[in-house]
Amino acid sequence: MAAAGAKALALPAGPEQRFQLDADTVAARWTPNTRAVLLASPSNPTGTSIAPGELGRIVTEARARGGLTLVDEIYLGLSYDDRYAHSALALGEDVISINSFSKYFNMTGWRLGWLVVPPTLVAPIEKLQQNLYICASSIAQHAALACFEAESLAVYEQRRQAFRERRDFIVGALNEIGLTVPVMPDGAFYAWADCSRFSNSSWDFCMDLMQQAHVALTPGRDFGPAAAERYLRLSFASSLPQLQEAAARLSRFVST
Ligand SMILES: Cc1ncc(COP(=O)(O)O)c(C=O)c1O
């Protein structure tokens, strides 16, 4: 965005919207200078996806104004609910999908991803990519090819099931502890929990928790200003025994 001289406008989205944009807000906030709307589904930090109907309405609103819809679908492979596990690409050629080998394919740090763009945008994006990165490393590209072997895909599916089990455990545990997760994450490996019962600052809560109970959660402030002190993010990429230990420590921490 900065390379094109564009400015991003962050819009808040609450639990009643699954922490996702809605078409009415997009329409109301669109200005003559607006060129595109960007969302992430499933989202980091909430693990929630946009309802397909709402996404369709957003695409329609953007299209009516000559704009594009960009959807970061990096966690789409890690979906646990068939109602949401659909790529936005089916909605038309004016939808751009952003993806990467970092999450489902477990290649975090290899710096390899992809975009699906309308044919007219291939050349301008190539220019941008050549100036920003030149090219993806050969070793990362060879490793990525191995991701599509049957043996690898079986491992990814096992991991997805393991993440689903961890989600079911940790969301239940957080709700019991009083760190309520207002919307069940349907994808990714994050739970977005409300700590307002225990603190009016998720930053202080996370700091105290880290120093006293040695559990690391991420305060809302890291993800933008909307309700930043109310929420914190838990990553369930850790193993189930680690999550069980974390839940026990969290429970002791909030009761003291
Ligand atoms: C929603 C989302 N998009 C993109 C990325 C960046 O991924 P990559 O490792 O491909 O740069 C992340 C990483 O955490 C993410 O959560």
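For ligands, and for the atoms within them, numbers begin at 1 and follow the listed sequence.
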**Report entry** Stacked cation flag Arg221 on Trp203, 6.0 angstrom / 45 deg
**Finding:**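 Arg221 over Trp203 ring: yes.
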Polar contact flag, side-chain donor to acceptor under 3.5 angstrom, [X]-[Y]:
X      : Y      : value
Gln161 : Tyr156 : no
Tyr190 : Tyr75  : yes
Ser196 : Asp194 : yes

Report task. Could you check which of Asp72, Ile98, Leu112, Leu39 puts a non-hydrogen atom nearest to atom 3 (N) of ligand 1? Result ->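 Result: the heavy atom closest to atom 3 (N) of ligand 1 is in Asp72.
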Query raised in the report: Using a heavy-atom cut-off of under 4.0 Å, does the side chain or the backbone of Tyr75 touch ligand 1, or both, or neither?
Result: side chain
For [atom], closest protein heavy-atom neighbour:
atom                    : result
atom 10 (O) of ligand 1 : Ser100 OG, 2.7 Å
atom 11 (O) of ligand 1 : Arg111 NH2, 2.9 Å
atom 14 (O) of ligand 1 : Lys103 NZ, 2.7 Å
atom 8 (P) of ligand 1  : Ser102 OG, 3.4 Å

Query - Main-chain N/O of Ala40 paired with Ser43 side-chain donor or acceptor, under 3.5 Å - result: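 A pair under 3.5 Å: no.
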Query raised in the report: Under a heavy-atom criterion of less than 4.0 Å, does Ile74 contact ligand 1?
Result: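 Per 4.0 Å heavy-atom rule, Ile74 contacts ligand 1.
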Query raised in the report: Which heavy-atom pair separates Glu73 from Ser97 by the least distance, and what is that distance?
Result: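 Minimum heavy-atom separation between Glu73 and Ser97: OE1-OG, 2.8 Å.
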Query raised in the report: Is there at least one pair of N or O atoms, one from Tyr190 and one from ligand 1, spaced under 3.5 Å apart?
Result: no
